[in-house]
Protein chains: 2
Amino acid sequence: MARPRRPAWQVERAKNRIFRATLELFNKHGYDAVTIRRIARRAGCSPATIYNYYSDKDALYLDILTEGFTILNRLLLARPHTADPLQRLRGYAAEFYRFSLEYPYYYDLMFSFHVPKYLDYAGTAAEKAAFAEKAVALKNIELLLDAFYELGWDGEPPEIPAEKALTLLGLCHGIISLHRSGIWAELDADFDTLYFSAVDNYLQRAVRGKKQVRTAGGAPGFTDG
Amino acid sequence: MARPRRPAWQVERAKNRIFRATLELFNKHGYDAVTIRRIARRAGCSPATIYNYYSDKDALYLDILTEGFTILNRLLLARPHTADPLQRLRGYAAEFYRFSLEYPYYYDLMFSFHVPKYLDYAGTAAEKAAFAEKAVALKNIELLLDAFYELGWDGEPPEIPAEKALTLLGLCHGIISLHRSGIWAELDADFDTLYFSAVDNYLQRAVRGKKQVRTAGGAPGFTDG
DNA sequence: ATCATTATATTAACACCGTTCAGATAACCC
DNA sequence: GGGTTATCTGAACGGTGTTAATATAATGAT
């Protein structure tokens with residue numbers, strides 16, 4: 001026979017050179033600047049070579065996406081741990097906000113664009129990378145979940161904290177996203193205080209409503225559509 | 001002299017043929033399918049002709065954007081008017097939700113993508129179209145504003161209803177956006193009930209907190225960033 | 001050492017994209 | 001009809017993601 005495959009670590013190293021080149025371009029010049037040809041130039045290979053390591057550009061973005069969730073996770077975990085879950089959630093919200101300002105490219109990729117995510121890769125060659133992406137993304141949500149569990153009370157149905165966590169995430173993202181989309185650029189609302197007071201109000205509500213949450217009976221009047 | 005310009009209505013008619021071709025492509029096949037060449041084919045002209053009527057593709061999207069806000073406005077106004085502002089806001093939220101499902105391409109264009117908006121066109125030839133876009137978009141927000149004003153009390157500082165309106169919009173958009181981005185596709189949270197109970201809870205809070213709103217003193221503890 | 005084999009890399013192309021510009025076409029006034 | 005000019009278009013430019021054919025290079029067997 002002839003020429004066995006390179007050992008896995010060598011393949012990984014070559015793949016990593018492409019990934020790092022992509023990352024540098026992405027960090028410095030943003031989403032649109034990441035083209036196969038520029039990546040190739042920076043990685044010191046030909047454009048076609050990239051397709052030996054990534055099935056297509058989307059698969060490459062899947063790795064970038066994972067990096068984004070990893071950065072966010074590192075930021076969230078880097079905060080000094082506060083025992084009070086409410087205070088912790090406030091911290092998370094503040095960190096999330098800061099992340100959106102410091103890493104706007106990542107933010108859009110992670111939360112705004114329709115970049116292929118885990119489910120889109122089920123059964124494909126990139127499934128493993130997609131699984132990693134999902135896992136890292138979930139780690140962030142789990143931080144919220146933990147805090148809301150602590151904030152809850154004994155016997156609280158387990159779907160309640162999940163609902164609260166997702167709502168908080170939605171609230172934070174919604175305000176950031178609308179701000180970033182430029183929709184209310186003309187309204188000159190003070191974005192900063194809007195964000196923080198909205199989060200604060202929501203959290204206050206989540207804690208004050210402890211005993212009466214769910215007495216509303218599941219959103220009456222909304223079935224009218 | 002020779003060959004005067006066509007009357008304005010004729011120019012407008014030609015421009016409109018391009019616009020309608022774009023609209024049809026956009027409605028049927030979405031953002032990515034709208035290419036200058038496809039528009040030209042459908043409008044029965046050459047790609048270059050389009051540039052006689054629109055300075056560039058973004059200017060064309062500005063018109064599509066306006067159409068989206070117009071559709072939304074029509075949907076919101078088509079609802080039977082309810083005297084209770086709270087009930088009306090619920091209706092708006094439901095309609096907003098339905099809009100995101102029925103017009104997903106518009107939704108992304110209006111609220112998610114970084115499409116050039118009014119401010120980006122200040123001083124350019126497309127400023128007039130940009131101004132129309134802004135005006136229509138604001139009409140939608142004003143519906144929310146009106147309801148929150150009614151919901152308030154005499155002597156309420158005027159920035160409070162604005163804050164509430166934008167927060168509600170942020171909340172609605174955030175949940176929809178995260179859902180659409182596919183982030184929590186794997187969490188199998190019931191998206192429907194999540195959306196409506198979040199909105200309901202927020203509105204309940206807005207009405208219950210009438211007398212104590214703002215006693216929180218403007219989001220303490222958030223300056224830590 | 002050479003050869004056959006095959007993993008890896010590259011070259012060159014394909015079919016697109018948005019945009020521009022020189023030139024064709026066509027409509028009007030004189 | 002001729003001159004003028006508004007309007008339209010074909011062809012091109014430089015870009016994109018992707019792929020098929022080809023070249024390079026490394027190894028095991030002879």
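Note on naming: letters A, B, ... go to the chains in the order of the sequence lines (proteins, then strands), and numbering restarts at 1 for each one. Owing to the predicted nature of the structure, the values given are computational and were not obtained by experimental measurement.
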Legend entry - Residue list, ring-ring contact (aromatic ring centres under 6.0 Å, His included) with A/Y202, at least two apart or on another chain: none
Legend entry - salt_bridge(A/R98, A/E95) N-O dist < 4.0 Å: yes
Legend entry - Over all atoms of both residues, closest heavy-atom pair of B/R88 and B/T82: NE-O, 3.0 Å
Legend entry - Terminal axes of the helix from C/dA1-D/dT30 to C/dC30-D/dG1 (five pairs each): angle between them, nearest 10 degrees: 30°
Inset, instruction - Examine the side chains of B/D192 and B/Y97 and answer whether a donor and an acceptor come within less than 3.5 Å of each other. - result: yes
Legend entry - Gap separating the CD1 atom of A/I50 from the OG1 atom of A/T22, nearest 0.5 angstrom: 6.5 Å
Inset, instruction - Assign the ring pair A/F113 / B/F113 to parallel, tilted or perpendicular, where the plane angle (0 to 90°) is split at 30° and 60°. - result: perpendicular
Inset, instruction - Check the surroundings of atom NZ in B/K57: do more than 12 heavy atoms from other residues, nucleotides or ligands lie under 6.0 Å from it? - result: yes
Inset, instruction - Taking only heavy atoms on the protein side, list every residue of residues 6-14 of chain B lying under 4.0 Å from any atom of DNA chain C, sorted numerically. - result: none
Inset, instruction - Starting at atom CD1 of A/I50, determine the distance to atom C1' of C/dA9, rounded to an integer number of angstrom. - result: 12 Å
Inset, instruction - Kindly state whether the ring of B/Y107 and the ring of B/F96 have centres lying under 6.0 angstrom apart. - result: yes
Legend entry - Reading 5' to 3' through nucleotides 12-19 of chain D, protein heavy-atom contacts under 4.0 Å coded B for base, S for sugar-phosphate only, - for none: B---BBBB
Residues 27-37 of chain A side chain polar contacts: donor-acceptor under 3.5 Å, at least two apart:
residue : atom : partner : partner atom : Å
A/N27   : OD1  : A/Y106  : OH           : 3.3
A/N27   : ND2  : A/L23   : O            : 3.2
A/T35   : OG1  : A/R38   : N            : 3.2

Legend entry - Length of the CZ-C1' vector between B/R17 and D/dT7, whole Å: 12 Å
Inset, instruction - Give a yes/no answer on whether the side chain of A/N52 brings an N or O atom under 4.0 Å of OP1 or OP2 in C/dA7. - result: no
Expected rows: protein N/O vs nucleotides 21-24 of chain D N/O, under 3.5 Å:
none

Inset, instruction - Rounded to the nearest angstrom, tell me the gap between atom OH in B/Y54 and atom C1' in C/dG18. - result: 17 Å
Legend entry - Rounded distance in Å - CG (B/L60) to C1' (C/dC17): 15 Å
Inset, instruction - Check whether the side chains of B/R13 and B/Q10 place a donor and an acceptor atom closer than 3.5 Å, and report yes or no. - result: no
Inset, instruction - Work out which heavy atom in B/F99 is nearest to a heavy atom in B/L75; give both atom names and the distance. - result: CD1-CD1, 3.8 Å
Legend entry - B/S46 side-chain N/O to D/dG10 phosphate OP1/OP2 under 4.0 Å: no
Inset, instruction - Please work out which of the three classes, parallel, tilted or perpendicular, describes the rings of B/F111 and B/H173, given edges at 30° and 60°. - result: tilted
Legend entry - Point-to-point distance, once rounded to the nearest 0.5 Å, from CG of B/L178 to OG1 of A/T167: 10.5 Å
Inset, instruction - Could you tell me whether the phosphate oxygens of C/dA9, OP1 or OP2, come under 4.0 Å of any side-chain nitrogen or oxygen in A/Y53? - result: yes
